[in-house]
Amino acid sequence: MKYDIITIFPEIFHAYLSESILKRALQKGLIEVKVHNLRDYTKDKHRTVDDYPYGGGAGMVMKPEPFFTAVEALYPDVTKRRVIMLSPAGKKFDQDIAMELSKEKRHLLFLCGRYEAIDERVRKVLVDDEVSMGDYVLTGGELPALVIIDAVTRLIPGVLGDEHSAETESFSWGILDYPHYTRPPVFRDLVVPEILLSGNHKDILRWRRKEALRRTLERRPDLLEKSSLSDDDYRLIREIKEESL
Ligand code: 9D3
């Protein structure tokens, strides 16, 4: 996968991309990331990227010309690029979007905004998808671009080791993870559930499934409605509900 990022803060990206799974994906040549400074595509002496909003109001708006110049210089052929604008007004990012992007044949080109907004003509003409990270206010699109690159890269074949690749589908099974423990068996009087030390694999699997269902029921009941549950899952849910009587 080839990713391009257009930003006025190119230094933000290096540290995150040079650790762990993304670092290895880069080394293996499974992904390529190029970060471009929007100011390099300005023509005036002060390398201006923003201006006052027409119609007045607070904050500055990012000018259209540098974005047009950058996108068209990098990918003059519209069929070879998929331009993703990060914006609080976009569609909320989720695992389904990550999955869809991971299958994309075009280069992914991220436009990161700062200030109040990007001139609407950029969205109208250049942008294929407008994506948000969720309903909270950030300072710009740089962290969202990194989040998308992270989530999409994990789905590219060969990026994760085989032990993890089942994980690829874990959000589409759609319930929360069970609680995890490691050594020591007692830490500050806090004990590991006995069943996990029992060696009884069948019982452990059923306990984990039950605890996963318990958490999902408590924290994310919306996920349960979408996931397909087995007869035994319904039995476990019944047990959980009877425990709290
Ligand atoms: C007053 C309206 N604000 C929108 C909620 C203005 C505004 C705040 C912050 C406009 C842009 C920004 C900068 N944020 C992003 O560029 C951004 C973002 C976000 O703030 N939240 C969630 N996802 C994203 S993706 C890009």
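This structure is a prediction, so every number in the text was calculated from the model and none was measured. Indexing begins at 1, ligand by ligand and atom by atom, following the structure's order.
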If you count the non-hydrogen atoms of other residues, nucleotides and ligands that lie under 6.0 Å from CG in D135, is the total more than 12? no

Relative to each other, are the rings of Y41 and H36 parallel, tilted or perpendicular (30° and 60° limits)? perpendicular

Whether F93 lies under 4.0 Å from ligand 1, heavy atom: no

Contact check: P88 vs ligand 1, nitrogen or oxygen atoms, below 3.5 angstrom: no

Please check if atom NE2 in H180 has more than 12 non-hydrogen atoms from other residues, nucleotides or ligands closer than 6.0 Å. yes

Here the pair of heavy atoms bringing E116 nearest to G59 is CG-CA, 3.6 Å

Who's closest to atom 9 (C) of ligand 1 heavy-atom-wise, of L138, L86, V147, T139? L138

Could you tabulate the donor-acceptor pairs under 3.5 Å formed by side-chain atoms of residues 76-83, not counting sequence neighbours?
{"residue": "D77", "atom": "OD1", "partner": "T79", "partner atom": "N", "Å": "3.0"}
{"residue": "D77", "atom": "OD1", "partner": "T79", "partner atom": "OG1", "Å": "2.7"}
{"residue": "D77", "atom": "OD2", "partner": "T79", "partner atom": "OG1", "Å": "3.3"}
{"residue": "D77", "atom": "OD2", "partner": "K80", "partner atom": "NZ", "Å": "3.1"}
{"residue": "R81", "atom": "NH1", "partner": "Y75", "partner atom": "O", "Å": "2.7"}
{"residue": "R82", "atom": "NE", "partner": "D129", "partner atom": "OD1", "Å": "2.8"}
{"residue": "R82", "atom": "NH1", "partner": "E100", "partner atom": "OE2", "Å": "3.1"}
{"residue": "R82", "atom": "NH1", "partner": "E104", "partner atom": "OE1", "Å": "2.8"}
{"residue": "R82", "atom": "NH2", "partner": "E100", "partner atom": "OE1", "Å": "3.0"}
{"residue": "R82", "atom": "NH2", "partner": "D129", "partner atom": "OD1", "Å": "3.4"}
{"residue": "R82", "atom": "NH2", "partner": "D129", "partner atom": "OD2", "Å": "3.2"}

What atoms of ligand 1 come within less than 4.0 Å of a heavy atom belonging to S132? 22 (C), 23 (N)

Within the side chain of S87, is there an N or O that forms a donor-acceptor pair under 3.5 Å with the backbone of A89? yes

Nearest-neighbour protein heavy atom for atom 22 (C) of ligand 1, which is reported as residue plus atom name and distance: G134 O, 3.2 Å

Grab the two heavy atoms, one from P64 and one from V122, that are nearest each other, plus how far apart they are. CA-CG2, 3.8 Å

Below 4.0 Å from ligand 1: does a non-hydrogen atom of A117 turn up there or not? no

Classify the contact between S87 and ligand 1 as side chain, backbone, both or neither, using a heavy-atom distance cut-off of under 4.0 Å. backbone

For Y115, counting its heavy atoms only, list the atoms of ligand 1 lying under 4.0 Å from any of them. 11 (C)

Ligand 1 to Y136 polar contact by distance, N or O atoms, under 3.5 Å: yes

Below a 4.0 angstrom heavy-atom separation, can you tell me which part of D135, side chain or backbone, both or neither, approaches ligand 1? neither

V137 to ligand 1: N or O pair under 3.5 Å? no

Between E116 and ligand 1, which residue portion shows a heavy-atom distance shorter than 4.0 Å: side chain, backbone, both, or neither? both

For ligand 1, which atoms, with element, lie under 4.0 Å from some heavy atom of G141? 16 (O), 26 (C)

Under a 3.5 Å distance rule, please check whether K28 uses its side chain to pair with a backbone N or O of G158 as donor and acceptor. yes

Would you mind checking which non-hydrogen protein atom is closest to atom 23 (N) of ligand 1, with the distance to 0.1 Å? M133 N, 2.9 Å

Check residues 12-27 and write down every donor-acceptor pair under 3.5 Å in which the side-chain atom is one partner and the other belongs to a residue at least two apart or another chain.
{"residue": "Y16", "atom": "OH", "partner": "D150", "partner atom": "OD2", "Å": "2.3"}
{"residue": "S18", "atom": "OG", "partner": "H14", "partner atom": "O", "Å": "2.7"}
{"residue": "S18", "atom": "OG", "partner": "A15", "partner atom": "O", "Å": "3.3"}

